[in-house]
Amino acid sequence: MSSIQPVRGTHDLIGEEQRRQARVVSTARHIAGLYGFDEWSTPIFEETRVFSRSLGDTSDVVSKEMYSFNDRDGESLTLRPEGTAAICRALVTNALTQSLPQKVFYTGPMFRHERPQKGRYRQFHQIGAELLGAAEPLADAEVIALGYGVLEALGVADYVTLELNTLGDAASRDAWRQALVAYFSAQSDKLSEDSRVRLEKNPLRILDSKDAGDRDLVANAPMMEKFLTPEARTFWDELRQKLDLFGIAYTVNPAIVRGLDYYNHTTFEFVTNRLGSQGTVLAGGRYDGLVKQMGGPDVPAIGWAAGVERLAMLLETAPQAPRSVVLIPVGSPDEKAVCQILQALRQQGVRTEIGYKGSLRKRMERAGKQNASHVLFLGEDELARGVFRVKSMETGLETEVATEALLSDARSIFAE
RNA sequence: GCGGACGUAGCUCAGCUGGUAGAGCGCCGGUUUGUGGUACCGGUGGUCGCGGGUUCAAGUCCCGUCGUUCGCCCCA
């Protein structure tokens with residue numbers, strides 16, 4: 001066993017694992033396109049303040065999980081722990097606040113120094129969608145519909161449920177937060193140790209505590225509903241109505257409060273019970289203040305991110321490896337003819353390989369192992385007669401095909 | 001960051017109460033001359049995660065460390 005290992009929480013993506021993740025990404029990219037979202041790519045590292053400012057200083061992501069370092073110029077940089085902040089930064093830097101709305105799809109690696117677990121890695125991958133510059137509930141509904149559409153296209157929608165909540169606008173949220181703090185402070189002796197810390201840092205998080213004692217307290221805690229301003233209530237009502245119009249089923253869960261500071265109004269999570277404690281598969285919400293925080297104008301926005309590894313694990317069937325047509329020279333036919341036919345097939349869009357070294361038996365064996373769809377035999381005899389022997393590895397049947405036909409009509413010859 | 005479990009060939013694992021490692025699969029080659037997935041034969045393969053300690057002797061006991069995994073925490 002080699003002593004050089006990949007860094008803790010990182011993995012090489014090879015074979016089936018690579019194919020599963022690629023399937024997730026390409027499917028999401030396609031569905032996002034149907035909704036009119038364009039793909040952006042932002043740098044993998046940013047100035048640290050892009051994240052520290054936006055995610056909230058007290059969030060664990062900022063306070064203890066970021067890969068931050070000083071570069072050779074002494075500037076503090078950070079490997080992106082999530083995608084939304086950078087998209088907002090890019091919106092501002094590229095002056096796209098002039099042409100709203102912008103509908104953005106992105107994908108790529110993210111980095112968080114967490115304790116690795118299944119479905120939770122230090123370098124992991126996300127897909128995400130952001131709709132910047134639309135304030136109406138219809139936008140929220142459409143963004144959620146896009147998320148659902150991706151899950152549906154991946155064939156995992158059945159294992160997943162949508163949980164929905166509202167945090168209201170700033171005024172609602174502040175009032176609610178104060179009420180929660182007052183409520184929990186009055187009986188902080190009954191709270192779990194973890195939740196006493198949350199009371200200081202992020203009281204909303206107490207609501208989704210798993211501690212049994214906490215849950216009893218939470219059951220009687222003041223609910224967001226009561227603190228909604230009339231505007232926030234209208235928004236919340238409309239959102240649910242639009243979701244109905246899109247035919248998206250959901251359950252309201254007051255505990256969906258999200259971890260990052262920038263959310264307001266809509267929050268949602270698509271969750272599954274198939275991945276143990278890492279059950280959140282796609283989640284997001286509205287973040288109307290973030291673009292302004294990034295130094296831009298007041299741009300309302302809504303979006304979500306999803307974990308590629310988690311979705312890849314949920315895929316029911318693994319994408320198949322592509323099958324090749326393998327050319328096996330018999331004896332020593334003219335090399336020029338061999339190379340020409342290889343290139344001609346590739347130009348016609350047929351995945352073609354040549355069987356290297358070994359006896360004919362060996363090469364056949366290898367073609368079988370790599371699951372080739374067909375084998376092409378070319379010997380001096382065939383070359384002289386202007387034909388190939390084409391063997392279907394599926395049926396074992398072997399036919400003679402004129403070289404001309406291969407040069408002009410290869411795809412139909414190899415179509416199953 | 002906290003607590004538990006685990007860590008033997010590429011893979012799945014066996015190795016009793018301590019005496020310097022085994023199987024199956026895989027991989028490589030062969031069963032003569034132009035044909036796979038079957039069969040047969042032969043071969044390759046491990047400083048038992050790593051580092052200490054106890055012992056005449058450790059894969060087997062103890063400590064530490066790294067990694068994986070489960071729960072917590074956090075979050076996608």
Side-chain angles (χ1 to χ4, degrees), chain A residues 1-11 14 24 28 55 58-65 81-84 107-122 124-128 147 160 192-195 197-198 201-202 205 208-211 214 256-260 268-272 275-285 303-314 326 328-333 355 357-372 374-382 389-398:
Chain A
M1 204 176 279
S2 163
S3 61
I4 300 184
Q5 299 289 324
V7 173
R8 181 156 148 96
T10 69
H11 297 279
I14 296 172
V24 169
L55 307 186
T58 61
S59 71
D60 279 19
V61 173
V62 169
S63 59
K64 42 192 183 198
E65 295 176 0
E82 59 105 48
T84 303
T107 178
M110 308 292 166
F111 305 85
R112 263 126 84 157
H113 190 101
E114 297 185 279
R115 175 120 176 207
Q117 235 171 78
K118 199 204 292 182
R120 185 171 86 176
Y121 310 107
R122 291 187 170 179
F124 62 106
H125 299 80
Q126 288 190 330
I127 50 177
V160 151
S192 68
E193 207 173 313
D194 280 332
S195 285
V197 176
R198 293 188 183 106
K201 286 170 48 180
N202 193 348
R205 278 258 146 205
D208 62 2
S209 170
K210 286 169 188 160
D211 181 87
D214 287 353
I256 303 293
V257 294
R258 315 294 307 121
L260 307 179
F268 62 92
E269 295 185 6
F270 286 91
V271 298
T272 179
L275 296 178
S277 58
Q278 314 300 326
T280 301
V281 120
L282 184 152
W304 53 254
V308 172
E309 286 81 359
R310 293 181 187 180
L311 289 173
M313 284 188 278
L314 281 182
V326 175
I328 299 184
V330 179
S332 36
K357 77 162 185 187
S359 65
L360 186 48
R361 178 191 172 86
K362 265 287 119 188
R363 298 191 204 207
M364 273 308 290
E365 202 175 306
R366 231 174 274 125
K369 248 171 228 158
Q370 72 182 88
N371 198 23
H374 301 266
V375 166
L376 243 54
F377 296 106
L378 180 65
E380 279 116 351
D381 171 51
E382 285 82 5
R389 295 197 66 77
V390 177
K391 173 165 183 160
S392 160
M393 295 298 274
E394 211 63 60
T395 63
L397 294 180
E398 207 168 310

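Numbered from 1 within each chain, the chains take letters A, B, ... in sequence-line order.
Annotation for A:F377 and A:K391: closest pair CE1-CB, 4.0 Å, computed over non-hydrogen atoms. Considering all non-hydrogen atoms of both residues, A:L311 and A:A306 come closest at CD1-CB, 3.9 Å. The shortest non-hydrogen separation linking A:G9 to A:P116 is CA-CG, 3.9 Å. The two residues A:A305 and A:Q126 have their closest heavy-atom pair at CB-OE1, 3.8 Å. In this structure, A:E398 and A:R389 approach most closely via the heavy-atom pair OE2-NE, 2.7 Å. Taking each heavy atom of A:P6 and A:T10 in turn, the nearest pair found is CB-OG1, 3.6 Å.
Using C1' as the reference atom, B:C50 and B:G59 are 14 Å apart when rounded to the nearest Å. Between B:A21 and B:A5, the distance separating the two P atoms is 29 Å to the nearest Å. Across the P atoms, B:A23 and B:U44 are found 12 Å apart, a figure rounded to whole Å. Taking atom C1' in both B:A14 and B:C75, one finds a spacing of 40 Å when rounded to whole Å. Taking atom P on both nucleotides, B:U12 is separated from B:U17 by 24 Å, rounded to a whole Å. Taking atom P in both B:U32 and B:G37, one finds a spacing of 14 Å when rounded to whole Å. On the P atoms, B:U20 is 49 Å away from B:U35, given to the nearest whole Å. The P atoms of B:C72 and B:G15 are separated by 32 Å, rounded to the nearest whole Å.
Counting non-hydrogen atoms under 4.0 angstrom, A:R115 reaches a base of the nucleic acid. Looking at heavy-atom distances under 4.0 Å, A:G9 makes contact with sugar-phosphate atoms alone, never a base. Here A:G128 lies out of heavy-atom contact (under 4.0 Å) with every strand. Using a 4.0 Å heavy-atom criterion, one finds that A:Q278 contacts the bases of the nucleic acid, with or without backbone contacts as well. Among the atoms of the strands shown, none is found under 4.0 Å from any heavy atom of A:E82.
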Checklist line | Stepwise side chain to side chain donor-acceptor pair (under 3.5 Å) test for A:D214 and A:S209 | finding: CA-CA 7 Å; A:D214 287 353; A:S209 170; 2.8 Å; yes
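Residue whose closest nucleotide on RNA chain B sits further toward the 5' end, between A:P116 and A:S359: A:S359. Both A:H125 and A:K118 sit near RNA chain B, but only A:K118 has its closest nucleotide nearer the 5' end.
Nucleotide B:U31 holds its P atom 10 Å from the NZ atom of A:K362, rounded to whole Å. As rounded to whole Å, 12 Å separates atom P of B:U69 from atom CZ of A:R122. Regarding A:E193, its CD atom lies at a distance of 10 Å from the C1' atom of B:C2, rounded to whole Å. In this structure, A:Q117 atom CD and B:C74 atom P are separated by 13 Å, rounded to whole Å. For A:E309 and B:C75, the CD to C1' distance is 13 Å, given to the nearest whole Å. Atom-to-atom, CG of A:D211 to P of B:C2 comes out at 20 Å; the value is rounded to the nearest Å. The separation between A:L275 atom CG and B:G71 atom P is 10 Å, rounded to whole Å. The distance between atom OH of A:Y121 and atom C1' of B:U69, rounded to the nearest whole Å, is 10 Å.
With sequence neighbours excluded, the residues satisfying salt bridge (Lys or Arg N to Asp or Glu O under 4.0 Å) with A:E269 are A:R258.
A side-chain hydrogen bond (donor to acceptor under 3.5 Å, both in side chains) with A:E365 holds for exactly one of A:R363, A:R361, A:K362; it is A:K362.
For A:R120, taking side-chain heavy atoms from C-beta onward, the closest of the listed nucleotides B:C2, B:U68, B:C74 is B:C74.
Side-chain N/O atoms of A:K210 include none lying less than 4.0 angstrom from OP1 or OP2 on B:G71. In this structure, A:R205 reaches the B:C75 phosphate: one of its side-chain N or O atoms is under 4.0 Å from OP1 or OP2. Between A:R198 and B:C74, a side-chain N or O to OP1/OP2 separation shorter than 4.0 Å is present.
Nucleotide B:U55 forms a pair with no other nucleotide shown, judged by Watson-Crick or G-U wobble geometry with both contacts under 3.5 Å. Pairing of B:G71, defined by two Watson-Crick or G-U wobble distances under 3.5 Å, is identified with B:C2. Searching all strands for a Watson-Crick or G-U wobble partner of B:A9 with both distances below 3.5 Å returns nothing. The base-pairing partner of B:A39, taking Watson-Crick or G-U wobble contacts with both distances under 3.5 Å, is B:U31.
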Using atom names, set out every protein N or O paired with an N or O of nucleotides 33-40 of chain B below 3.5 Å, distance rounded to 0.1 Å.
unit_1: B:G34; atom_1: N1; unit_2: A:E382; atom_2: OE1; d: 3.4
unit_1: B:G34; atom_1: N1; unit_2: A:E382; atom_2: OE2; d: 3.1
unit_1: B:G34; atom_1: N2; unit_2: A:E382; atom_2: OE2; d: 3.0
unit_1: B:U35; atom_1: O2; unit_2: A:K391; atom_2: NZ; d: 3.3
unit_1: B:U35; atom_1: N3; unit_2: A:E398; atom_2: OE1; d: 3.0
unit_1: B:U35; atom_1: N3; unit_2: A:E398; atom_2: OE2; d: 3.2
unit_1: B:U35; atom_1: O4; unit_2: A:E398; atom_2: OE2; d: 2.6
unit_1: B:G36; atom_1: N7; unit_2: A:K391; atom_2: NZ; d: 3.3
unit_1: B:G36; atom_1: N1; unit_2: A:M393; atom_2: O; d: 2.8
unit_1: B:G37; atom_1: N2; unit_2: A:M393; atom_2: O; d: 3.3
unit_1: B:A39; atom_1: N6; unit_2: A:R361; atom_2: NH2; d: 3.2

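With contacts defined as side-chain heavy-atom distances shorter than 4.5 Å, the pair A:R115/A:E65 does not qualify.
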